[in-house]
Amino acid sequence: MIRRVFLAIIAMAALTASAWSAEIGEDGLHKQDWFALTFRDVAEDIEAAREEGKRLVMIFEQRGCIYCAKMHEVLLADPEVADYIKANFKVVQYNMFGDEEVTDLDGEVLTEKTAARKWGFVFTPTLMFLPDEVPEGKTAAEAAVVTMPGAFGKWTFLNMFKWVAEKGYEGDEHFQKYHARIINELRAEGRLDAE
C-alpha cells in the first residue's frame with residue numbers, strides 16, 4: 001500500500017513538472033518542440049509527411065483554451081502518447097484566430113482563422129487527420145479521414161491516432177468499437193488507468 005502511494009506521488013510530481021515546463025508561444029498557444037513548422041500548404045504537408053513515412057494531423061487551438069492546455073500538459077506530456085504520435089504523425093499547429101497564410105487542398109489561400117471557418121471548426125482543440133495521399137478536387141475538410149473535436153482522456157486520444165495509423169476508417173470496425181476493444185485488452189493486461 002505504501003509503495004502504491006509513493007508511486008502515485010512520484011507520478012503526480014512528474015505530471016506536474018511536465019505541466020510547468022510546457023512552453024507558451026507569443027501567440028498564446030502551448031508549443032511542442034516536435035511539432036512541424038511548415039508553410040501551411042496542406043498538399044505539401046501531406047506529401048512531406050508521406051515522405052517521412054508518417055500521416056499529417058492538423059491541430060487547431062486558441063489562446064486561453066483550457067482543453068488545449070490539458071492536451072499539452074497531460075496527454076502530450078505522457079511519453080506513451082507523445083512517442084507514438086512523434087513516430088507516426090507529422091503535427092502542424094494552427095491558431096483558430098490566427099492570421100498566418102494557409103493554402104487549402106483546392107488551392108484557395110486563406111488565413112488560419114478563415115480556414116477554421118471554411119472547414120467548420122468551432123471547438124479547440126480540433127484535430128484533423130488527413131489521408132496519406134493528396135486527393136484531387138477536395139478541401140482539407142472534405143479530404144479528412146476523421147476529425148476529433150475537443151480533448152479526451154489518454155486512451156481515447158491515443159486510440160484515435162492508432163486507429164488512423166492503422167487505417168481503421170477503411171475497415172468495418174468503427175472507432176468506438178475499436179476503442180472498446182482496446183480498452184478491454186488494456187483492462188485484461190491490468191494497464192487501464194482511469195480516463
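Numbers here simply count residues along the sequence, with the first being 1. This is a predicted model, so every value here is computed, not measured.
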* Taking atom types as modelled and ignoring hydrogens, do the side chains of H30 and E61 form a donor-acceptor contact shorter than 3.5 angstrom? -> no

* Asked: Which residues pass the salt bridge (Lys or Arg N to Asp or Glu O under 4.0 Å) test with E108, sequence neighbours left out?
  -> K118

* F123 atom CZ: more than 12 heavy-atom contacts under 6.0 Å -> no

* Using side chain to side chain contact (heavy atoms under 4.5 Å, CB included) as the criterion, list what pairs up with E166, not counting sequence neighbours. => K162, Y178

* **Nearest-0.5 Å distance, CD1 of residue I85 to CD of residue E80** => 11.0 Å

* **Note, Q32 side chain near V91 side chain (heavy atom, < 4.5 Å)** => no

* Going through the checks in order, is the ring-ring contact (aromatic ring centres under 6.0 Å, His included) test met by H174 and Y169? -> CA-CA 7 Å; H174 188 278; Y169 53 87; over 10 Å; no

* Minimum side-chain heavy-atom gap V81-P79 below 4.5 Å -> no

* Return yes when atom CD of E136 has more than 12 non-hydrogen atoms of other residues, nucleotides or ligands closer than 6.0 Å, and no otherwise. => no

* Asked: Does any non-hydrogen side-chain atom of D104 lie less than 4.5 Å from one of L110?
  -> yes

* To do: Assign the ring pair F89 / F161 to parallel, tilted or perpendicular, where the plane angle (0 to 90°) is split at 30° and 60°.
  => perpendicular

* Asked: With a 4.5 Å limit on heavy-atom distance, are the side chains of E133 and R50 in contact?
  -> yes

* Asked: If you group Ile, Leu, Val, Met, Phe, Trp and Tyr by side-chain heavy-atom gaps below 4.5 Å, do M71 and F129 land in one group?
  -> yes

* List for me each residue that meets salt bridge (Lys or Arg N to Asp or Glu O under 4.0 Å) alongside K167, sequence neighbours excluded, and say none if there are none. => D132

* Set of salt bridge (Lys or Arg N to Asp or Glu O under 4.0 Å) partners for R181, sequence neighbours left out -> E173, E185

* Is it true that Y84 and F157 fall in one hydrophobic cluster, defined by side-chain heavy atoms closer than 4.5 Å? -> yes

* Would L29 and Q93 count as a side chain to side chain contact (heavy atoms under 4.5 Å, CB included) if you check the C-alpha gap in whole Å, the side-chain angles of each, and the deciding distance to 0.1 Å? -> CA-CA 9 Å; L29 305 184; Q93 182 182 54; 3.8 Å; yes

* Same cluster (ILVMFWY, side-chain, under 4.5 Å), V57 and W34 -> yes

* Asked: Rest of the hydrophobic cluster containing M58 (Ile/Leu/Val/Met/Phe/Trp/Tyr, side-chain heavy atoms under 4.5 Å)?
  -> V42, I46, L56, F60, V92, Y94, M96, F97, V102, L105, W119, F121, M128, L130, V134

* Cluster question for you: counting only ILVMFWY and a side-chain heavy-atom cut-off of under 4.5 Å, with indirect links fine, are L192 and L158 together? -> yes

* **pair V146-V164: side-chain heavy atoms closer than 4.5 Å** => yes

* If only atom types and distance count, is the side chain of K113 paired as donor or acceptor with the main-chain N or O of N95 below 3.5 Å? -> no

* Structure fact -> All heavy atoms of P135 vs all of A143, minimum pair found to be CG-CB, 3.4 Å

* Are W155 and F175 connected in a single hydrophobic cluster, I mean Ile/Leu/Val/Met/Phe/Trp/Tyr linked by side-chain heavy atoms less than 4.5 Å apart? -> yes

* Asked: Are E47 and K90 within salt-bridge range, i.e. N to O under 4.0 Å?
  -> no

* State, with a plain yes or no, whether a side-chain heavy atom of R117 is found less than 4.5 Å away from one of T114. => yes

* **Rounded distance [0.5 Å steps], CD in Q62 versus CG in D27** => 12.0 Å

* Residue list, salt bridge (Lys or Arg N to Asp or Glu O under 4.0 Å) with R55, at least two apart or on another chain -> none

* Rounded distance [0.5 Å steps], OG1 in T124 versus CZ in R63 -> 12.5 Å

* Asked: Side chains of E101 and F39: closer than 4.5 Å at any heavy-atom pair?
  -> no

* Does K154 reach the side chain of L75, with side-chain heavy atoms less than 4.5 Å apart? -> yes

* D106/K138 salt bridge by N-O under 4.0 Å criterion -> no

* NZ/NE/NH1/NH2 to OD/OE distance under 4.0 Å, R40 and D45 -> no

* Any chance the rings of F35 and H72 have centres within less than 6.0 Å? -> yes

* Asked: What distance separates I183 CD1 from Q176 CD, expressed to the nearest 0.5 Å?
  -> 10.5 Å

